[in-house]
Amino acid sequence: MTTVPVTASKNYNIVIGHGLLGTIGTEVRKLGKAEKICIVSETTVWPLYGEIVQESLEREGFAVCSYVFPAGEASKNGTVFLELLNFLAARQLSRSDMIVALGGGVVGDLGGFAAACFLRGIRFVQVPTTLLAAVDSSVGGKTAINLPAGKNLAGAFCQPSLVLCDLDTLASLPEAVFRDGCAEVIKYAMLYDPALFAYLEEAGPGFDREQVVSRCVTLKRDVVREDEFDTGARMKLNLGHTVGHAVEAESAFALSHGQGVAIGMAVICRAANIPDCGRLLALLERFGLPTDTRYPAEVLICHMLSDKKRTGGTVNLIIPRAIGDCAVVPTPVDRLESILEAGL
Ligand code: NAD
Ligand code: GLY
């Protein structure tokens with residue numbers, strides 16, 4: 001078991017290991033006074049892991065209720081969000097009570113945002129069950145829902161009180177969902193850590209789960225400590241995402257987020273023309289991730305210009321300089337087409 005302490009506007013621990021779901025009751029009890037817990041989950045994860053979490057919490061004397069919504073990104077919307085708030089109100093949760101978000105990034109983002117808003121803020125615990133949620137979305141306090149106008153357009157920075165990452169849950173992930181998480185793992189290696197990159201090259205998708213998740217989480221913890229509210233260093237976590245979101249959107253989301261990020265990293269690395277670009281492309285392919293897109297630059301640019309991270313006439317691109325070293329480069333929009341053409 002590994003514990004990674006986070007120092008931010010709220011301090012908390014990320015606990016990573018095997019067989020942790022059955023200990024959640026005692027871990028939550030350590031967080032202080034609470035009577036009621038609402039487990040927020042979805043229809044794929046709840047039948048797999050709901051019971052063990054509920055029983056563990058009940059053994060510690062908590063009154064437990066559960067709100068389970070249909071699995072998938074389409075549920076991360078205002079309707080489900082309001083339904084959840086009404087559910088919490090009907091169950092009369094108080095300021096000292098808590099939400100446990102049991103699931104992938106969709107549950108974590110929605111459950112976390114509900115915790116940020118209900119009674120102007122109650123505590124919540126993240127229990128990530130996908131690799132992406134384990135290494136990224138459960139850490140750092142970004143919570144959100146989607147609006148018809150776009151992804152994650154309503155949300156709040158709200159740190160959890162605990163992240164409990166039971167690596168055993170990753171065993172039931174569909175292959176494609178696991179690979180999506182691997183794109184984010186490779187992103188951390190490319191951004192910050194040549195040794196992690198070399199380890200992934202050597203180990204492939206059979207990498208040691210605890211070692212790699214702990215390393216990624218530690219890297220993200222350090223970024224969040226430096227820039228919790230995403231005005232500087234945290235922007236680097238968008239490596240591959242600007243082009244990735246464009247590819248995802250243009251495919252009408254037939255391409256997954258992980259596939260988009262993989263293509264985005266490959267495109268920007270080719271455009272930057274760094275000597276180690278071949279190593280990134282080979283690593284992505286080793287993990288079953290795509291490195292090419294058939295969409296032309298002018299089509300992708302339309303999506304990139306509506307990206308919420310655009311500021312005026314510039315887009316912040318994350319440009320690799322070497323493996324483990326990337327820079328935030330404010331790029332005038334009129335330069336995007338030539339950069340994309342160099343990378344496609
Ligand atoms: P997800 O939560 O939809 O999970 C992906 C799929 O895996 C779903 O079908 C789900 O039902 C299934 N699943 C989850 N855990 C499982 C398990 N253990 N066994 C079997 N199936 C399981 O998606 P995700 O990829 O985890 O997260 C994507 C979301 O995260 C997006 O909404 C994205 O915007 C958000 N995100 C947030 C942040 C952040 O910092 N808050 C960062 C990155 C992504
Ligand atoms: N996933 C991006 C962030 O947490 O900032």
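Atoms within each ligand, like the ligands themselves, are counted from 1 in listed order.
Closest of all the heavy-atom pairs between C326 and I318 is CB-CG2, 4.0 Å. Taking each heavy atom of E42 and V68 in turn, the nearest pair found is C-CG1, 3.6 Å.
At least one cation-pi condition fails for R91 and Y67: the charged atom is not both under 6.0 angstrom from the six-membered ring centre and inside a 45 degree cone around its axis.
Within 6.0 Å of the CD atom in E201, the count of heavy atoms belonging to other residues, nucleotides or ligands exceeds 12. Residue E298 places its CD atom among more than 12 non-hydrogen atoms of other residues, nucleotides or ligands, all under 6.0 Å distant. With a 6.0 Å radius and a threshold of 12 heavy atoms from other residues, nucleotides or ligands, R225 has its CZ atom above the threshold.
Checked by atom type, the side-chain pair E210/T2 shows a donor-acceptor distance below 3.5 Å.
Residues of the protein with a heavy atom under 4.0 Å from ligand 1 are E42, T44, V45, L48, Y49, A71, E73, K76, G104, G105, V106, D109, T129, T130, L132, D136, S137, K142, K151, N152, T169, S172, L173, P174, V177, K220, listed by chain and number.
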Distances only, to 0.1 Å: what are the N or O pairs between ligand 2 and the protein that fall under 3.5 Å?
unit_1, atom_1, unit_2, atom_2, d
ligand 2, 1 (N), D136, OD1, 2.9
ligand 2, 1 (N), D136, OD2, 3.3
ligand 2, 4 (O), K220, NZ, 2.5
ligand 2, 4 (O), R234, NE, 3.4
ligand 2, 4 (O), R234, NH2, 2.9
ligand 2, 5 (O), K142, NZ, 2.8
ligand 2, 5 (O), R234, NE, 2.7

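Residue pairs meeting the side-chain hydrogen bond (donor to acceptor under 3.5 Å, both in side chains) criterion with at least one member in residues 112-133, sequence neighbours excluded, do not occur. Applying the ring-ring contact (aromatic ring centres under 6.0 Å, His included) rule to pairs touching residues 92-119 yields F81-F113, sequence neighbours excluded.
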